[in-house]
Structure formats: structure tokens, C-alpha cells
> 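Here you go, one structure.
Quick caveat, the model's predicted, so the values are computed rather than measured.
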Amino acid sequence: MNHVIAPWTEAEEPVYRSDFAMGEHSARHLRRILRLYLKGWGLMAVADAAELAFTELIANVVRHVPGRRCQTFIFRLPGGVGVRVEVADGCPEVPRVVEGGVLDEGGRGLVLVDAVTDKWGVEVGRDGGGKTVWFECLAAASGVGSATPPARPAPRP
């Protein structure tokens with residue numbers, strides 16, 4: 001099910017929401033949707049970083065969430081300064097940043113998210129039965145894609 005819902009209190013624009021089981025091609029389709037929103041909002045400067053981070057979050061769902069079911073949210077930050085993307089699932093396991101070995105096939109997803117976004121985090125569900133992994137890419141920030149990762153923000157209430 002894909003549709004636009006009413007924005008959360010801090011957003012200026014409607015939020016894109018999807019709620020379905022992810023498959024091997026889901027990230028490609030969601031990247032296209034994200035790019036359409038970014039283009040419409042005049043935020044193409046963050047498109048590559050946001051698409052890469054979004055792909056990594058969807059890959060984590062496909063690899064680690066039983067049933068591969070999640071909700072995704074895309075919205076413009078207040079003032080049009082950037083984009084925030086959230087991926088929520090019902091799995092209680094919180095992802096960890098792991099820097100794997102040179103020959104490891106996985107484990108670098110959150111390292112990439114950290115490298116290309118301005119802020120990111122994990123919010124554990126109030127009932128402890130799930131989590132939301134989110135990131136923000138700011139259009140005017142010099143930190144996007146820089147070698148020095150930004151400080152972690154406080155979780156949203």
C-alpha cells in the first residue's frame with residue numbers, strides 16, 4: 001500500500017508512506033520515488049546520498065527482518081533544507097555499526113549511511129517490539145559525504 005498521509009507535526013510537506021514486504025527489487029522502486037520527491041522539492045543536491053542511504057536501510061530489512069515487512073516514510077524537512085527518510089519494522093533487533101574485514105560480504109551498510117548523511121539514528125519502539133531507523137540529508141550542509149561524520153542527534157520524542 002503506497003499513499004500520501006498527513007504530515008507529522010514538524011514537516012511542511014505531505015509524507016510519502018509505503019507499507020509492504022520488501023523484495024530484491026524494492027530498493028530500486030523506492031529510490032525512484034525518493035528521487036521524484038527530491039526533484040519536486042528542489043533537493044537534487046542530496047539525491048545520490050539519500051538514495052544510497054535509503055538502499056542500505058532497505059537492504060537491512062531484506063536481510064534481517066523476519067517477513068521483510070516495513071514502513072517507509074519520506075518527507076521534506078521544515079524550511080526545505082533537506083529530506084528525512086525513516087524505515088520502521090517490527091523486529092526488536094537494533095542494527096549496529098560494524099566495520100567488517102576487507103573480505104567480508106556485508107556489515108558495512110550503516111558505515112555507508114554514516115558517511116553520506118548529515119544525521120541518522122535508531123529509535124526503539126515504545127513497546128520494544130520494533131524500531132525506526134532514520135537519516136537526514138541537508139542540502140546546504142558541507143558534511144554530506146565528508147570524511148568527518150556529524151554528531152549524533154538526540155532521538156525524536
Side-chain angles (χ1 to χ4, degrees), residues 1-11 14-35 37-38 46-77 82-138 141 143-157:
M1 163 170 60
N2 299 323
H3 62 282
V4 176
I5 63 170
W8 56 282
T9 58
E10 297 175 23
V15 175
Y16 173 82
R17 175 181 184 228
S18 66
D19 182 359
F20 53 89
M22 296 293 149
E24 62 185 63
H25 300 293
S26 298
R28 180 179 68 204
H29 299 299
L30 289 168
R31 279 193 312 267
R32 287 180 184 161
I33 292 166
L34 175 59
R35 183 167 285 269
Y37 273 83
L38 294 173
V46 301
D48 291 340
E51 288 179 28
L52 176 58
F54 200 14
T55 299
E56 291 302 327
L57 298 189
I58 297 302
N60 282 346
V61 169
V62 170
R63 288 185 192 113
H64 303 293
V65 174
R68 298 179 173 182
R69 186 159 202 89
C70 73
Q71 292 182 323
T72 60
F73 302 90
I74 302 169
F75 55 89
R76 189 170 82 168
L77 294 172
V83 65
R84 180 178 172 111
V85 175
E86 298 182 356
V87 177
D89 63 62
C91 182
E93 184 179 335
V94 176
R96 296 175 290 123
V97 176
V98 178
E99 295 194 34
V102 174
L103 298 177
D104 289 349
E105 291 184 16
R108 294 178 188 85
L110 291 178
V111 173
L112 285 171
V113 170
D114 186 59
V116 301
T117 64
D118 293 288
K119 300 177 186 178
W120 73 275
V122 179
E123 298 172 19
V124 177
R126 292 186 179 156
D127 63 357
K131 65 190 168 298
T132 299
V133 184
W134 60 269
F135 67 83
E136 294 178 2
C137 291
L138 306 176
V144 175
S146 70
T148 306
R152 293 285 164 253
R156 190 179 76 191

> Find the distance between CD (E56) and OG1 (T117) and round it off to the nearest 0.5 Å.
11.5 Å
> Do R84 and F73 touch side chain to side chain, with heavy atoms closer than 4.5 Å?
no
> Let's go through E136 and V83 carefully: what are the C-alpha distance in whole Å and the side-chain angles of both, what is the deciding distance for side chain to side chain contact (heavy atoms under 4.5 Å, CB included) to 0.1 Å, and is it a yes or a no?
CA-CA 6 Å; E136 294 178 2; V83 65; over 6 Å; no
> Do the side chains of L57 and T72 get nearer than 4.5 Å, heavy atoms only?
no
> Specify the closest pair of heavy atoms between F54 and F135, including all atoms of both residues, with the distance to one decimal.
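Where F54 meets F135 most closely, the heavy atoms are N-CE2, 3.6 Å.
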> Yes or no on side chain to side chain contact (heavy atoms under 4.5 Å, CB included) for T55 and L112, after CA distance, side-chain angles and deciding distance?
CA-CA 10 Å; T55 299; L112 285 171; over 6 Å; no
> Which is it for Y37 and R76 under the side chain to side chain contact (heavy atoms under 4.5 Å, CB included) test, yes or no, and what are the steps along the way?
CA-CA 9 Å; Y37 273 83; R76 189 170 82 168; over 6 Å; no
> To the nearest 0.5 Å, what is the distance between CG (L30) and OH (Y16)?
6.0 Å
> So which atom in E86 and which in T132 form the shortest heavy-atom distance, rounded to 0.1 Å?
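Result for this residue pair: CB-CG2, 3.8 Å.
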> Closest approach of L34 and V85, non-hydrogen atoms and distance?
CD1-CG2, 4.1 Å
> Between NE2 of H29 and CD1 of I58, what distance do you get to the nearest 0.5 Å?
12.0 Å
> Counting C-beta onward and ignoring hydrogens, is there a side-chain heavy-atom pair between V65 and C70 closer than 4.5 Å?
no
> Are the side chains of V113 and L52 in contact, using a 4.5 Å heavy-atom criterion?
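Not in contact.
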> Compare every heavy atom of R68 with every heavy atom of V61, then report the nearest pair and how far apart it is.
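Closest heavy-atom pair between V61 and R68: CG1-O, 3.6 Å.
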> Compare every heavy atom of R69 with every heavy atom of A21, then report the nearest pair and how far apart it is.
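Shortest heavy-atom separation between A21 and R69 comes out as N-NH1, 3.5 Å.
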> Specify the closest pair of heavy atoms between C137 and V116, including all atoms of both residues, with the distance to one decimal.
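Taking every non-hydrogen atom into account, SG-O, 4.1 Å.
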> Are R31 and D48 ion-paired here, with the side-chain N under 4.0 Å from a carboxylate O?
no
> Can you measure from CD1 (I74) to CZ (R17) and round to the nearest 0.5 angstrom?
13.0 Å
> I want to check something: taking the side chain as every heavy atom from C-beta on, are V62 and S26 in contact at a cut-off of under 4.5 Å?
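V62 vs S26: side chains apart.
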